[in-house]
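First up is the structure itself, then whatever we jot down about it.
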Amino acid sequence: MSRKVAIFDTTLRDGEQSPGVSLTQREKLEIARQLARLGVDVIEAGFPIASPGEKESVQLIAEQVGGQEGPVIAALSRAVEKDIQVAGEALKPAKKKRIHTFIATSDIHMQYKLRMSREQVLDAAVRAVQWAKNFTDDVEFSAEDATRSDPQFLCTVFEAAIDAGATTINIPDTVGYALPHEFGALVRTIFQKVPNIHKVAFVSVHCHNDLGLAVANSLAGLLEGANQVECTINGIGERAGNASLEELVMTIYCRGSALGLHTDVRHDQIIRTSHMVRDFTGMVVQPNKAIVGANAFRHESGIHQHGVLSNPLTYEIIDPKVIGLSGTGLVLGKHSGRHALEQKLKEMGYELTKDQLDSVFYSFKALADKKKEVTDADLETLVADVLSAVPREQTIYHLDYMHVVSGKGTVPSATVRIRCNGQEKLASETGVGPIDAVYRTIARLVEEEHRLADFQVRSVGPGTDAVADVVVRIEDTDGRTFVGHGVSPDTIEAATKAYLEALNRLAYHRRQRISLPQRGGEV
Ligand code: KIV
Ligand code: ZN
């Protein structure tokens, strides 16, 4: 009999703490919906005290995703009454809600960050759990920096938190310092030395990847009896990130009998979820990343190709279809109608509103006109583009006209006309290349002070007619980041769309004077 491992996804909380990542409310909601489709047990939707915008996002997810049967919606709070109050309010609409409260237990954190004594930390932990119980029965307590804490003190804090009503205790390797055998031993000690440990529903592990050991450490903890693992899609998160959900889940899938573990994740949603998180956060996935990297199922050498053709098991330990990677994924062409597209998207697991479907259909037609074959990967990119697009009412700059000159022996130049508040603006510039020329021209036309922080182009599929997916990240003068996305078989057009989208986000926020979620400081 294998033991079930509960998957606690923290992409929207710890993952969103990745440097340079800032998701919009719509994007967070779409990711939460996709996580529910993926079948995770808990979605940590955010850290509501961080800002009013963050609280609203958690509330929206609690309402729209947590309003029906499905995952538990969790919200993070420090062991502070005000944080817990705000988390409790944000989670109210959810059917199944969890307050996740934490305080550091290592001497270094207590002395230099919290400036609290052990007694004060113990007291704060107990009071936090008791206070959280006013909002929900389901309370998780985390001892931040557990792996660098005095194990004796750590056990005392866990025992007190459980007595106060914690139903989950979480053991974080906050700085990714532990080695697998050490982490396993710590989990074993906690099972042995915390006398009321049997009263909790979950003993959870939460590992960071500073030494590339997050997945190995998590597995070591699970093998010692932990039954919940905290992880993120594509392993995104603070610094080197968190344990990657897809690696954990697929290791458990692939080696389940050796581990004696299983999860309830719907594996065929893994690749789509990974792509959505990549597209919305703008954080590219390294090609050789296990499970979801572009090369994870590619075979280059002749010997390997021959083996795989004769029998895939020669070099493939997982059938790529299991994670939702379908063969060539050839689907629709320019004669396909709206109905065919709708059917196909349904088959792919998307539930789009009529407006969203209209927009995808419009982009699909434009693409099918330029490109003979529209693949699953193309459709996925188009859907991501529509779901993350700046809503029409927030669009300040519209692209009207663009002419680009480039070639050997010419100075690359661009002429761009945009519309802004009913006014037309036209300019021309030269650059080191055509995209540089377009960007310089646009920068002259807009009012926003900013700098380009990142620019990435990805080809969706092989061939010179492949769709280009461009992600641009710009920074305003306060260091806030805005991401824009552009998709087109014409790379220059994709780059232009992406830049204007990022600028529209910046312009909208500047005009609304909306304060973006601040990073969770000491989290
Ligand atoms: O890494 C960490 O310690 C955390 C806690 C808030 C659980 O993210
Ligand atoms: Zn963490």
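Indexing begins at 1, ligand by ligand and atom by atom, following the structure's order. Scope of the values below: all heavy atoms of this structure, side chains included, with no hydrogens, waters or symmetry mates.
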Inset, instruction - Report, in ascending order of atom number, the atoms of ligand 1 lying under 4.0 Å from any heavy atom of S142. - result: 7 (C)
Inset, instruction - Assess the side chains of D83 and Q85: does a donor N or O sit below 3.5 Å from an acceptor N or O? - result: no
Legend entry - Nitrogen or oxygen of H206 less than 3.5 angstrom from that of ligand 1: yes
Legend entry - Pair Q192-T189, side-chain donor/acceptor within less than 3.5 Å: no
Legend entry - Given T105, D150, T156, the one that forms side chain to side chain donor-acceptor pair (under 3.5 Å) with R118: D150
Inset, instruction - Specify side chain, backbone, both or neither for T174, according to which of its non-hydrogen atoms lie closer than 4.0 Å to ligand 1. - result: both
Inset, instruction - Below 4.0 angstrom from a heavy atom of H208, which ligand 1 atoms are there? Numbered from 1 as shown, please. - result: 1 (O)
Inset, instruction - For the residue pair H485 and E501, confirm or rule out a side-chain donor-acceptor distance under 3.5 Å. - result: no
Legend entry - Per-atom contacts of ligand 1 with H100, taking only distances under 4.0 Å to non-hydrogen atoms: 7 (C)
Legend entry - Atoms of ligand 1 close to E144 [distance to a heavy atom under 4.0 angstrom, numbered from 1]: 3 (O)
Inset, instruction - Give the atom name of whichever N/O/S atom in D14 sits closest to the Zn ion (ligand 2). - result: OD2
Inset, instruction - Using only heavy-atom distances, determine whether the side chains of E144 and T174 contain a donor-acceptor pair under 3.5 Å. - result: no
Inset, instruction - Begin with the C-alpha distance, continue with both residues' side-chain angles, and end with the deciding distance and a verdict on ring-ring contact (aromatic ring centres under 6.0 Å, His included) for H450 and Y499. - result: CA-CA 11 Å; H450 67 282; Y499 190 31; 5.7 Å; yes
Legend entry - Metal site angle (apex the Zn ion (ligand 2)), NE2 from H208 and NE2 from H206, 10 degrees: 100°
Inset, instruction - Kindly give the heavy-atom pair with the smallest separation between E316 and F297, and that separation in Å. - result: OE2-O, 4.0 Å
Inset, instruction - Have a look at R13, E230, E238 and point out the one with the heavy atom closest to atom 5 (C) of ligand 1. - result: R13
